[in-house]
Colleague: 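Sending over a structure as structure tokens; questions will come in a sec.
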Amino acid sequence: MNRPTTPTAPSLVDVLCARVSDIAGDVGAVVSEHARLVAPLADRDERDQLVAAAVARLSGLDALDALFVDVAVDEILVNGGGRVWVERFGALEPRDPIPVDVVPIILERVLAPLGRRLDRTSPIVDARLPDGSRISAAIPPVSVDGPVLSIRRFRRSGLDLCAFAETDVADLVAGLMRSRCNLVVSGATSSGKTSLLGALLRCGAQADRVVLIEDIAELDARCDHVVRLEARPSSPDGLAAITAEQLVRAAMRLRPDRLVVGEVRGDEVIALMQAMNTGHDGALSTVHANNARDAVRRLETLVLRAAPTWPLEAIRSQLTRS
């Protein structure tokens, strides 16, 4: 005979959140005030921990909040089943799992202020958080094992070129920037392409007018004169998409000294290549590829896909001149 299960008693965090959920005002102040009533015997440290956990649940990233504020964490990954991994110093490390039902709550809290939807009709989303971090998420039926998400932290202190290479190599690359060569950074996912691109921009003349185009704005340009343009996906309610290709063409009319495309992955390659061939020297971009030779082949493939009627010889000639 099966014994009836005893319901789990609510935690102090549960009680505190339920008590203040309908009270208007500053979340931190309201929670602090009612924490004394919920936990009158707690000492100061215990009460501070209770307040931090309640504020994280009500207005932050709940169980992920402590990871998000850790400056050593570059990326937070949540897999199906609530399994959590973080990237620290270039290596992935497992963390304590979080309840599966918490993940949709976190996603709703993060995406609602951004005007983005995540439901069965639109089960994949990419968005930029207010601090510049990038979030990508997917839910069933696309994500078979449950909701998954990735938060790539925005690095607040940009790296310089010496963080990527020895001094002589860094000096060589800095010289290419000063000579206004067109440069493409290639590498695998999370290999540091965007960070290197930011370091390259900081080597350029501060007087340069930089027009920066990204699918999700995340590049730390740190330039005195920068114009940032961000692509927009179409929405389920009929809002038209603004593509990177459209933004590259618009950028040509914004008088860029340097045209920067965060990543080339589609038809924008044509507009970027034409810009490089019409006097816009010093253009920069990144591309997913294993090495420099594969990067050129990847660009060829992207151009061929965007302009299938172009002869391969003409494509290679255009890329060579670019």
Side-chain angles (χ1 to χ4, degrees), residues 74-75 77 87 90-92 124 126 134 136 150 152 155 158-166 169-170 172-177 179-204 210-221 229-231 243-245 247-248 251 258-277 280-308 310-322:
D74 289 322
E75 195 159 4
L77 306 170
E87 181 184 342
L92 286 175
I124 300 174
D126 287 294
R134 188 180 75 184
S136 301
S150 165
R152 180 173 295 182
R155 184 180 291 277
L159 302 174
D160 58 28
L161 284 178
C162 291
F164 295 90
E166 299 295 333
V169 176
L172 172 63
V173 176
L176 295 176
M177 283 291 294
S179 300
R180 302 191 62 79
C181 294
N182 297 324
L183 300 177
V184 174
V185 178
S186 68
T189 300
S190 296
S191 61
K193 296 187 298 299
T194 301
S195 298
L196 177 53
L197 192 60
L200 289 171
L201 279 174
R202 288 187 285 277
C203 290
V210 177
V211 180
L212 174 58
I213 297 153
E214 296 179 273
D215 282 335
I216 299 292
E218 59 177 332
L219 181 61
D220 182 17
L229 303 176
E230 185 179 50
T243 66
E245 179 187 13
L247 293 180
V248 172
R258 286 191 186 273
L259 182 63
V260 181
V261 178
E263 180 183 343
V264 175
R265 63 175 70 178
D267 292 355
E268 68 273 7
V269 66
I270 299 285
L272 177 61
M273 187 174 61
Q274 291 174 341
M276 291 178 175
N277 276 304
H280 291 84
D281 295 331
L284 300 169
S285 188
T286 73
V287 67
H288 276 89
N290 295 323
N291 51 53
R293 187 181 299 276
D294 286 348
V296 176
R297 298 289 181 263
R298 169 72 172 156
L299 292 173
E300 286 181 0
T301 302
L302 289 173
V303 175
L304 189 59
R305 189 172 65 185
W310 286 17
L312 184 57
E313 182 178 350
I315 292 174
R316 289 177 174 171
S317 176
Q318 286 277 353
L319 285 174
T320 301
R321 290 199 299 272
S322 301

Colleague: Checking Glu87 now: which residues fulfil salt bridge (Lys or Arg N to Asp or Glu O under 4.0 Å) with it, not counting sequence neighbours?
Modeller: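 By the salt bridge (Lys or Arg N to Asp or Glu O under 4.0 Å) rule, Glu87 matches no residue at all.
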
Colleague: Partners of Arg293 by side chain to side chain donor-acceptor pair (under 3.5 Å), sequence neighbours excluded?
Modeller: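 Listed in chain order: nothing, the list is empty.
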
Colleague: With rounding to the nearest 0.5 angstrom, report the CD to CG distance, Glu245 to Leu272.
Modeller: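 With rounding to 0.5 Å, CD (Glu245) is 11.5 Å from CG (Leu272).
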
Colleague: Closest approach of Gly262 and Thr286, non-hydrogen atoms and distance?
Modeller: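 Smallest interatomic distance, heavy atoms only, reads O-OG1, 2.6 Å.
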
Colleague: So which atom in Arg265 and which in Glu263 form the shortest heavy-atom distance, rounded to 0.1 Å?
Modeller: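 In this case the closest contact between Arg265 and Glu263 is NH2-OE1, 2.8 Å.
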
Colleague: Within the 4.5 Å heavy-atom criterion, are Leu92 and Leu77 side-chain neighbours or not?
Modeller: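 SC-SC contact between Leu92 and Leu77 confirmed.
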
Colleague: Calculate, to the nearest 0.5 Å, the distance between atoms CG and SG belonging to Leu200 and Cys181 respectively.
Modeller: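 Leu200 CG to Cys181 SG: 11.5 Å, rounded to 0.5 Å.
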
Colleague: Who passes side chain to side chain donor-acceptor pair (under 3.5 Å) against Ser150, sequence neighbours left out?
Modeller: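 Only Glu75 meet the side chain to side chain donor-acceptor pair (under 3.5 Å) criterion with Ser150.
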
Colleague: Which pair of non-hydrogen atoms, one from Ala295 and one from Val287, has the smallest distance, and what is that distance?
Modeller: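 Smallest heavy-atom distance, with atoms named: CB-CG1, 3.8 Å.
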
Colleague: Please name all residues satisfying salt bridge (Lys or Arg N to Asp or Glu O under 4.0 Å) with Arg297, sequence neighbours left out, ordered by chain then number.
Modeller: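 In terms of salt bridge (Lys or Arg N to Asp or Glu O under 4.0 Å), with neighbours along the sequence ignored, Arg297 is linked to Glu300.
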
Colleague: Looking at CD of Glu268 and CG of Leu247, how far apart are the two atoms once the value is rounded to the nearest 0.5 Å?
Modeller: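 The distance works out to 9.5 Å.
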
Colleague: Roughly how far, to the nearest 0.5 Å, is the CZ atom of Arg202 from the CG atom of Leu197?
Modeller: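 Reported value, rounded in 0.5 Å steps: 9.5 Å.
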
Colleague: Just jot down the side-chain contact (heavy atoms from CB on, under 4.5 Å) partners of Ser322, sequence neighbours excluded, or say none.
Modeller: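 side-chain contact (heavy atoms from CB on, under 4.5 Å) check on Ser322 returns Met273, Met276, Asn277.
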
Colleague: Tell me the closest heavy-atom pair linking Thr194 and Leu219, and the distance in Å.
Modeller: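 That would be O-CD1, 3.2 Å.
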
Colleague: What residues, two or more places apart in sequence or in another chain, satisfy side chain to side chain donor-acceptor pair (under 3.5 Å) together with Thr243?
Modeller: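 Testing Thr243 for side chain to side chain donor-acceptor pair (under 3.5 Å), a comparison that skips the adjacent residues, returns Gln246.
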
Colleague: Using the salt bridge (Lys or Arg N to Asp or Glu O under 4.0 Å) criterion, which residues pair with Arg134? Sequence neighbours excluded.
Modeller: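 By the salt bridge (Lys or Arg N to Asp or Glu O under 4.0 Å) rule, Arg134 matches Glu218.
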
Colleague: Would you please name every residue forming a side chain to side chain donor-acceptor pair (under 3.5 Å) with Ser317, sequence neighbours left out?
Modeller: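 In terms of side chain to side chain donor-acceptor pair (under 3.5 Å), with neighbours along the sequence ignored, Ser317 is linked to Arg321.
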
Colleague: Checking Thr189 now: which residues fulfil side-chain contact (heavy atoms from CB on, under 4.5 Å) with it, not counting sequence neighbours?
Modeller: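 Listed in chain order: Arg152, His288.
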
Colleague: Distance from Ile315 atom CD1 to Leu304 atom CG, nearest 0.5 Å?
Modeller: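 Output value for this atom pair is 4.5 Å.
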
Colleague: Please name all residues satisfying side-chain contact (heavy atoms from CB on, under 4.5 Å) with Ala174, sequence neighbours left out, ordered by chain then number.
Modeller: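 Leu161, Arg178, Cys203.
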
Colleague: Taking Asp281's backbone N and O only, do any of them form a donor-acceptor pair with Asn182's side chain (distance below 3.5 Å, no angle check)?
Modeller: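 Between the backbone of Asp281 and the side chain of Asn182 there is no qualifying donor-acceptor contact (under 3.5 Å).
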
Colleague: Could you report the tightest heavy-atom contact between Ala199 and Phe164, atom names first, then the distance?
Modeller: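 For Ala199 and Phe164, the tightest heavy-atom pair comes out as CB-CE1, 4.0 Å.
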
Colleague: Looking at every heavy atom in both Ile213 and Val248, which two are closest together, and how far apart are they?
Modeller: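 The pair with the smallest heavy-atom distance is CD1-CA, 3.6 Å.
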
Colleague: Using the side-chain contact (heavy atoms from CB on, under 4.5 Å) criterion, which residues pair with Ala217? Sequence neighbours excluded.
Modeller: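 Partners of Ala217 by the side-chain contact (heavy atoms from CB on, under 4.5 Å) criterion, ordered by chain and then number, come out as Arg128, Glu214, Arg228, Glu230.
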
Colleague: Set out, in order, the CA-CA distance, both residues' side-chain angles and the distance that settles side-chain contact (heavy atoms from CB on, under 4.5 Å) for Leu302 and Arg305, then state yes or no.
Modeller: CA-CA 5 Å; Leu302 289 173; Arg305 189 172 65 185; 3.4 Å; yes

Colleague: Listed by chain and number, what are the salt bridge (Lys or Arg N to Asp or Glu O under 4.0 Å) partners of Asp267, not counting sequence neighbours?
Modeller: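 Salt bridge (Lys or Arg N to Asp or Glu O under 4.0 Å) list for Asp267, sorted by chain: empty.
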
Colleague: Check the pair Gln274 / Gln318 against side-chain contact (heavy atoms from CB on, under 4.5 Å), numbers first and verdict last.
Modeller: CA-CA 8 Å; Gln274 291 174 341; Gln318 286 277 353; 5.6 Å; no

Colleague: Distance-only, no hydrogens or angles: does the Asp215 side chain make a donor-acceptor pair with backbone N or O of Ala231 under 3.5 Å?
Modeller: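 Such a contact is absent between Asp215 side chain and Ala231 backbone.
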
